[in-house]
Amino acid sequence: MNYAVIFAGGTGTRMNTKTRPKQFLTLHGKEIIIYTLEHFENHPGIDGISVVCIAEWIDYLKKLLEKYHIQKVKWISPGGGTGQESIFNGLNAMRGDIDKDSIVLIHDGVRPLIDEKLITDNIKMVQEKGCAVTVVPAIETVMLVDDKGEIVESVDRNKCRVVRAPQSFIYQELMNAHDRAREKGIINMIDSATMMSEAGHTLYPVVGRPDNIKITTPSDFYTFRAIVEAEENSQIFG
């Protein structure tokens, strides 16, 4: 069985919006979180979805799920103080309800430009290798900076990848990593891939689309709008 954990617990301070969190901003009348959820809802290989949401917005989210007929969401949890804690809440809500060897795809609620192929590729990689981390090739020059703020080394960008999402793992293995981190008092690991790497797991890349961006700033939102409108125009005009 395959499940998605969708992290939508952020407040969006870099979006400069005072009306609502970034995941609930709308494009053409539809909320960003719904664009994201629909990819998992419509994928035949996804059996259930766990959503982590800002506590004050859970009731609103439930209304959206009903409005857009999102039926695979089986768990809704409040966000934590950090991204790591929020993802733990989403995973922990599933504990005891799913098989330990299930595959879980961790994804950002504000990363709506994924597609069916990327979800499928993540699932297949976990089936074959035990984990999958979505990446895109680095296209800019990459340099290392030391503690003094000085550039010390230019890195071969052909060997560099930018990590994105989904990040996908065996449920019990990821749960164990979270439990161990919490026992050590670690509550702010940057992402699931980093946590699993530090827990000793080998990570395997799945190449995603360059436009699989995370909508964090106003410019990201405008990029998202342009891509959606371009896709809509291609359907009409070919």
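Worth knowing before you read on, the calculation uses all heavy atoms, side chains too, and leaves out hydrogens, waters and symmetry mates.
- Remark: side-chain polar atoms of Asp146 are paired, donor with acceptor, to backbone N or O of Lys148 under 3.5 angstrom.
- Between Phe88 and His178, the angle of the ring planes lies from 30° to 60°, which puts this pair in the tilted group.
- Heavy atoms of other residues, nucleotides or ligands lying less than 6.0 angstrom from CZ of Arg95 number more than 12.
- Inspection of the Thr36 and His107 side chains reveals no N or O donor paired with an N or O acceptor under 3.5 Å.
- With hydrogens and angles ignored, the 3.5 Å screen pairs no side-chain donor or acceptor of Ser86 with any backbone N or O of Gly79.
- In this structure, Asp156 contributes its side chain and Asn158 its backbone to a donor-acceptor pair below 3.5 Å.
- Following chains of ILVMFWY side-chain contacts shorter than 4.5 Å, one cannot reach Met195 starting from Leu91, and the two form parts of different hydrophobic clusters.
- With hydrogens and angles ignored, the 3.5 Å screen pairs no side-chain donor or acceptor of Ser102 with any backbone N or O of Ile98.
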* To do: Under the side chain to side chain donor-acceptor pair (under 3.5 Å) rule, what do Thr217 and Asp220 come out as? Steps first, then yes or no, please.
  => CA-CA 5 Å; Thr217 66; Asp220 296 329; 3.1 Å; yes
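- Note: Arg111 CZ to Ile6 CD1 = 11.5 Å, rounded to the nearest 0.5 Å.
- Side-chain N or O atoms of Asp47 include one that pairs as donor or acceptor with a backbone N or O of Asn2 at under 3.5 Å.
- Asp211 and Arg209 are joined by a salt bridge, as a carboxylate oxygen and a charged side-chain nitrogen come within less than 4.0 angstrom of each other.
- Side chain of Gln84 to main chain of Met189: a donor-acceptor pair is present (N/O by atom type, distance under 3.5 Å, no hydrogens or angles).
- Between atom CD of residue Glu31 and atom OG1 of residue Thr26 there is a gap of 6.0 Å, rounded to the nearest 0.5 Å.
- Looking at Asn89, its side chain never comes within 3.5 Å of a backbone N or O of Ser77 through a donor-acceptor pair.
- Atoms CZ and CD1, from Phe224 and Ile32 in turn, are 5.5 Å apart once rounded to the nearest 0.5 Å.
- Among Ile215, Ile54, Ile34, the single residue meeting the side-chain contact (heavy atoms from CB on, under 4.5 Å) criterion with Gln23 is Ile54.
- Thr134 is listed as a side-chain neighbour of Asn212, based on a closest heavy-atom distance under 4.5 Å.
- Side-chain contact between Leu174 and Met196 is present, with heavy atoms from C-beta onward closer than 4.5 Å.
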* **Worked check of side chain to side chain contact (heavy atoms under 4.5 Å, CB included) between Ile103 and Gln127** => CA-CA 8 Å; Ile103 294 172; Gln127 290 171 339; 3.7 Å; yes
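- The number of heavy atoms from other shown groups lying within 6.0 Å of CG (Leu144) is above 12.
- A donor-acceptor pair under 3.5 Å is absent between the side-chain atoms of Ser197 and the main chain of Ala193, judged by distance alone.
- For the pair Lys30 and Tyr35, the cation sits on the ring face: its NZ or CZ lies under 6.0 Å from the ring centre, inside 45° of the axis.
- The minimum heavy-atom distance linking Ile213 with Pro112 is given by the pair O-CD, 4.3 Å.
- Taking CZ of Phe7 as the reference point, atom CG of Asp191 lies at 11.5 Å (rounded to 0.5 Å).
- Heavy-atom contacts from other residues, nucleotides or ligands closer than 6.0 Å to CD1 of Ile190 number 12 or fewer.
- In this structure, the side chains of Ser168 and Tyr204 stay at 4.5 Å or more apart for every pair of heavy atoms.
- With salt bridges taken as basic N to acidic carboxylate O contacts below 4.0 Å, none links Glu56 and Arg20.
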* For ring-ring contact (aromatic ring centres under 6.0 Å, His included), just list the numbers for Tyr60 and Phe24, CA-CA rounded to whole Å, side-chain angles, deciding distance to a tenth of an Å, and then say yes or no. => CA-CA 9 Å; Tyr60 182 70; Phe24 293 108; 5.4 Å; yes
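- Contact check on Asp59 versus Lys63 returns no salt bridge, with no Lys/Arg side-chain nitrogen under 4.0 Å from an Asp/Glu carboxylate oxygen.
- Residues Val136 and Arg164 meet the side-chain proximity criterion, which asks for heavy atoms closer than 4.5 Å.
- The environment of CD in Glu66 is sparse: at most 12 heavy-atom neighbours from other residues, nucleotides or ligands sit within 6.0 Å.
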